[in-house]
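Lettering of chains follows the sequences in order, A, B, ..., and the numbering in each one begins at 1.
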Amino acid sequence: MPKKFLIYNTLSGRIEEFVPLKEGVVKMYTCGPTVYDYAHIGNFRSYIAEDLLKRFLRFLGYKVIHTMNITDVDDKTITGARTQGTSLKEFTAKYEKAFFEDIDKLRISKADYYPRATENIDGMIKIIQGLLDKGYAYEKEGSIYYRISSFPEYGKLSKIKKEDLKKGIRIESDEYEKENARDFSLWKAKKPGEPFWKAPFGEGRPGWHIECSTMSMKYFGPTLDIHAGGVDNIFPHHENEIAQSEAYTGKPFVRYWFHIQHLIVNGEKMSKSKGNFYTLRDLLSMGFSPRAIRYLLLSAHYRKILNFTFDALYQAAASLKRITDFLFELETKEFDEGKTGEAEKMVRETRKKFTDSLADDLNISSAMGAIFNLIHWGNKALEEGKLKKEDTRKIKSMFYEFDRVLAVLPEQIIEELPEEIMELIKKREEARKNMDFATSDAIRDELFKRGIILEDTKEGTRWKMIKK
RNA sequence: GGCGGCGUAGCCAAGUGGUAAGGCAGCGGUCUGCAAAACCGUUAUUCGCCGGUUCGAAUCCGGCCGCCGCCUCCA
């Protein structure tokens with residue numbers, strides 16, 4: 001039986017104990033990308049927070065089934081395809097491919113299913129028809145709208161009152177026929193030049209919200225355990241999903257709503273016009289490592305605004321370096337056989353604090369604090385020569401265990417260097433032996449420029465790759 | 001206007017009644033040919049401000065100030 005896991009639920013507005021519908025299994029749905037452009041670091045913050053949640057649930061022993069939708073038909077994709085003079089499919093395929101490349105780089109674990117909207121139109125039509133039959137929806141000029149007045153609980157997620165919604169809202173030019181300005185479209189009537197599908201209630205294309213309801217029900221049935229996304233989705237997107245799904249099935253749609261706060265840049269909302277808009281590709285081309293970016297996006301609590309700055313990114317890389325440097329010591333030094341009780345105790349306590357922290361609504365800062373406390377203790381023990389071989393094995397395996405959740409450690413702690421560089425390092429060691437420090441320092445400077453840092457220790461010279 | 005969040009050292013950040021974790025950066029020292037890494041010491045008598053409750057408050061209550069988000073299919 002997994003340990004007690006506390007998580008904030010937007011629906012109740014408080015922290016609750018997580019109990020899935022079926023013991024040991026978690027049905028998780030996360031709002032995926034609209035593939036009309038490259039995803040930006042704000043998107044990735046959400047995906048990484050969701051990834052942390054998923055990895056931690058698995059760490060606790062749950063089987064997690066994860067579905068993430070791909071929105072490949074909406075206003076933006078249609079406009080984009082038209083602007084570039086390509087087909088919708090061709091246009092979205094490009095950004096879908098980029099999305100998968102990016103999440104791979106950031107080590108965001110793959111979902112089990114990635115349904116595309118355009119491949120689930122039949123399911124959407126079925127639900128829309130059902131809503132029409134039950135009187136929750138109505139037709140106007142070929143479009144189908146959801147009547148929010150028919151769903152008494154409308155607003156329960158976002159805590160918005162229906163009456164307040166009538167004030168000060170804009171009515172879109174193509175939706176002026178709605179009964180109520182807040183009713184939202186389930187199906188948009190066919191327009192010239194736009195892709196369309198056939199439905200009993202007329203040709204057209206689906207609205208956005210119906211997509212998530214349909215696809216989550218397809219994989220999970222009427223009720224799922226976790227539905228996640230950015231806070232901006234709370235209203236109207238997730239509110240509308242609840243209205244559609246619960247009206248259709250008559251059953252609770254989602255048990256735990258998990259929402260990730262926004263990322264801002266230098267204290268301001270990210271926007272293209274301000275020039276503070278970064279995609280993963282932008283940062284990688286500046287030389288930052290995906291691991292440092294992941295570490296930064298991971299290291300702030302998911303319900304707090306994360307202020308992205310380059311200073312913070314450098315700090316993340318430096319923090320990560322402290323971890324890998326410590327592991328480097330454990331991997332490269334020689335240790336005597338045996339073990340010490342103190343190390344065993346430290347590992348046990350660290351593992352407990354790490355797990356307890358994350359089990360407390362994913363308190364990542366506290367969990368990382370446990371890791372750094374262990375590192376400090378470990379470095380000191382190294383300094384004093386107190387660590388034994390079995391101790392280092394235990395510590396290392398603890399780190400690799402934690403990394404199943406964090407996924408920030410490098411593939412290999414010790415990296416291979418090309419032969420010519422190894423030659424240079426040997427040449428430098430010769431020079432040092434001969435007290436020819438001019439030569440040795442010149443070689444060290446040269447290698448530094450090439451991204452390799454040399455460290456002279458009692459056991460000889462060793463090297464590391466510089467990571468940004 | 002409605003709803004919600006935030007304000008802890010130079011920066012990031014944990015801590016929700018018991019006397020301020022951790023990371024980065026800085027400074028002094030040890031080690032080093034010099035560095036790097038690491039270690040030791042140091043950096044908030046104080047948690048936006050003002051009151052109150054309490055033996056005791058960053059934590060609870062009241063007021064004020066500042067910042068931000070949503071209420072526009074933007075994660």
Side-chain angles (χ1 to χ4, degrees), chain A residues 10 13 30-34 39-50 71 74-76 155 158-161 163-165 167-172 182 184-185 207-209 211 228-237 239-240 259-264 267-272 295-296 299-301 303-307 309 311-323 325-326 328-329 353 357 360 363-376 378-384 432 435-438 440-441 444-445 448 453-458 461-464:
Chain A
T10 309
T30 58
C31 284
T34 301
H40 56 70
I41 52 173
N43 300 120
F44 291 121
R45 190 212 178 171
S46 287
Y47 304 145
I48 284 175
E50 290 157 0
T71 300
D74 79 322
D75 292 347
K76 283 173 299 201
S158 54
K159 324 291 185 237
I160 286 172
K161 294 190 183 80
E163 309 80 69
D164 295 336
L165 290 175
K167 296 178 199 156
I169 61 128
R170 197 183 63 189
I171 298 170
E172 286 177 37
R182 279 298 170 173
F184 56 91
S185 57
W208 177 40
H209 314 296
E211 167 188 325
V231 285
D232 54 325
N233 280 151
I234 295 172
F235 190 88
H237 186 48
E239 193 68 61
N240 291 350
H259 289 105
I260 300 102
Q261 253 302 347
H262 275 176
L263 171 150
I264 57 174
E268 291 183 315
K269 186 167 174 169
M270 188 165 33
S271 76
K272 286 183 179 168
Y295 185 95
L296 174 62
S299 61
H301 186 78
R303 283 194 288 120
K304 289 214 166 175
I305 291 173
L306 172 63
N307 188 14
T309 61
D311 189 39
L313 191 46
Y314 281 112
Q315 288 183 14
S319 300
L320 205 43
K321 184 170 179 296
R322 181 162 165 86
I323 299 173
D325 276 350
F326 175 62
F328 187 89
E329 299 288 338
K353 189 175 174 208
S357 298
D360 181 14
N363 189 340
I364 187 78
S365 304
S366 174
M368 296 312 294
I371 289 181
F372 284 108
N373 280 330
L374 184 279
I375 289 175
H376 184 252
N379 274 139
K380 203 171 166 179
L382 278 168
E383 190 82 2
E384 293 163 358
R432 285 189 74 228
M435 310 286 268
D436 179 4
F437 297 121
S440 71
D441 288 354
R444 187 169 63 191
D445 290 348
F448 185 81
I453 193 150
L454 296 184
E455 300 179 359
D456 301 320
T457 71
K458 290 191 192 79
T461 298
R462 68 188 192 187
W463 47 265
K464 294 170 183 167

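- Taking atom P on both B/C60 and B/G18, the two are 12 Å apart, rounded to the nearest angstrom.
- Using atom C1' as the reference point in both B/U30 and B/G5, the two lie 47 Å apart (nearest Å).
- Here B/G5 presents its P atom at 17 Å from CG of A/Asp232, a figure rounded to the nearest Å.
- Counting non-hydrogen atoms under 4.0 angstrom, A/Pro33 reaches nothing in the nucleic acid.
- Counting atom types as modelled, A/Gln315 pairs a side-chain N or O with a base atom of B/C11 as donor and acceptor under 3.5 Å.
- Nucleotide B/C74 holds its C1' atom 15 Å from the CZ atom of A/Arg45, rounded to whole Å.
- Taking A/Lys321 as the reference, A/Asp325 meet the salt bridge (charged side-chain N to carboxylate O under 4.0 Å, His left out) condition, with sequence neighbours excluded.
- Contacts of A/Asp311 with the nucleic acid, taken as non-hydrogen atoms under 4.0 Å apart, involve only primed sugar atoms and P, OP1 or OP2.
- With a cut-off of 3.5 Å on both pairing distances, B/A9 has no Watson-Crick or G-U wobble partner at all.
- B/C24 and B/C40 have their P atoms separated by 13 Å, with the value rounded to a whole Å.
- The separation of B/C6 from B/A38, taken at their P atoms, amounts to 34 Å, rounded to a whole angstrom.
- Under 3.5 Å, the side chains of A/Asn373 and A/His376 contain no donor-acceptor pair of N or O atoms.
- In a base pair of the Watson-Crick type (N1 to N3 plus N6-O4 or O6-N4) or a G-U wobble (N1-O2 and O6-N3), with each distance short of 3.5 Å, B/U42 is matched with B/G26.
- For A/Cys31 against A/Tyr47, the heavy-atom pair with the smallest separation is O-CE2, 3.7 Å.
- When the P atom is used for both B/A57 and B/C49, the distance is 15 Å, rounded to whole Å.
- Going from atom OH of A/Tyr295 over to atom P of B/G22 covers 14 Å, rounded to whole Å.
- In this structure, A/Phe448 places its CZ atom where only 12 or fewer heavy-atom neighbours from other residues, nucleotides or ligands lie under 6.0 Å away.
- Residues A/Thr461 and A/Arg444 fail the side-chain proximity criterion, which asks for heavy atoms closer than 4.5 Å.
- The interatomic distance linking A/His237 (NE2) with B/A75 (P) rounds to 10 Å, in whole Å.
- A/Lys269 comes within 4.0 angstrom of a nucleotide base, judged by non-hydrogen atoms across all strands.
- Here A/Ala312 lies out of heavy-atom contact (under 4.0 Å) with every strand.
- Taking atom CD1 of residue A/Ile264 and atom P of nucleotide B/G69, one finds them 8 Å apart after rounding to whole Å.
- Evaluation of the side chain to side chain donor-acceptor pair (under 3.5 Å) rule for A/Glu455 yields A/Arg462, A/Lys464 as partners, not counting sequence neighbours.
- Residue-level contact check: A/Phe437 touches the bases, meaning some heavy atom is under 4.0 Å from a base atom.
- Nucleic acid contact for A/Ser440: base, since at least one base atom lies under 4.0 Å from a heavy atom of the residue.
- Across all strands, A/Ile234 comes closer than 4.0 Å to no nucleic acid atom at all (heavy-atom distances).
- For the C1' atoms, the distance from B/G26 to B/C11 is 12 Å, rounded to whole Å.
- Closest to the A/Asn43 side chain, of the nucleotides B/A75, B/C71, B/C74, is B/A75.
- A/Ile260 contributes atom CD1, which lies 8.0 Å from atom CZ of A/Arg45 (distance to the nearest 0.5 angstrom).
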Could you give me the CA-CA distance, side-chain angles and deciding distance for A/Asn379 and A/Glu383, then say whether side-chain hydrogen bond (donor to acceptor under 3.5 Å, both in side chains) is met? CA-CA 6 Å; A/Asn379 274 139; A/Glu383 190 82 2; over 6 Å; no
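- Comparing the same atom, P, in B/U43 and in B/G22 gives a spacing of 13 Å after rounding to whole Å.
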Listed pairs, N/O of protein and of nucleotides 13-19 of chain B, under 3.5 Å:
{"from": "B/A13", "atom 1": "O3'", "to": "A/Ser365", "atom 2": "OG", "distance (Å)": "3.4"}
{"from": "B/A13", "atom 1": "O2'", "to": "A/Ser365", "atom 2": "OG", "distance (Å)": "3.3"}
{"from": "B/A14", "atom 1": "OP2", "to": "A/Lys304", "atom 2": "NZ", "distance (Å)": "3.2"}
{"from": "B/A14", "atom 1": "O3'", "to": "A/Asn363", "atom 2": "ND2", "distance (Å)": "2.9"}
{"from": "B/G15", "atom 1": "OP1", "to": "A/Asn363", "atom 2": "ND2", "distance (Å)": "2.6"}

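- Of the two residues near RNA chain B, A/Tyr47 and A/Gly369, the one whose nearest nucleotide lies more 5' is A/Gly369.
- Scanning for side chain to side chain donor-acceptor pair (under 3.5 Å) contacts around A/Glu384 gives A/Lys386, with sequence neighbours left out.
- Summarising the geometry, atom CD1 belonging to A/Ile160 is positioned 7.0 Å from atom CD belonging to A/Glu239; distances are rounded to the nearest 0.5 Å.
- One can place NE2 of A/His262 at 7 Å from P of B/C70, the figure rounded to the nearest angstrom.
- Evaluation of A/Phe44 against the base of B/A75 yields no stacking contact (centre distance < 5.5 Å, interplanar angle < 30° required).
- Separating the P atom of B/U16 from that of B/U59 is a span of 12 Å, rounded to the nearest Å.
- We find that NZ of A/Lys159 is positioned 23 Å from P of B/G1, with the value rounded to whole Å.
- With a cut-off of 3.5 Å on both Watson-Crick or G-U wobble distances, the partner of B/G33 is given as none.
- The partner of B/C3 is B/G69, judged by Watson-Crick or G-U wobble contacts that both fall below 3.5 Å.
- Using a 4.0 Å heavy-atom distance criterion, A/Gly42 is classed as a base contact.
- Take A/His262 and apply the ring-ring contact (aromatic ring centres under 6.0 Å, His included) test, not counting sequence neighbours, and it matches no residue.
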Contact letters for nucleotides 34-44 of chain B, in which S counts primed atoms plus P, OP1 and OP2 and B counts the base, heavy atoms under 4.0 Å: BBBSBSS----
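- In this structure, A/Glu268 places its CD atom 22 Å from P of B/C6, rounding to the nearest Å.
- At a threshold of 4.5 Å between non-hydrogen side-chain atoms, the residues A/Thr309 and A/Tyr314 do not count as touching.
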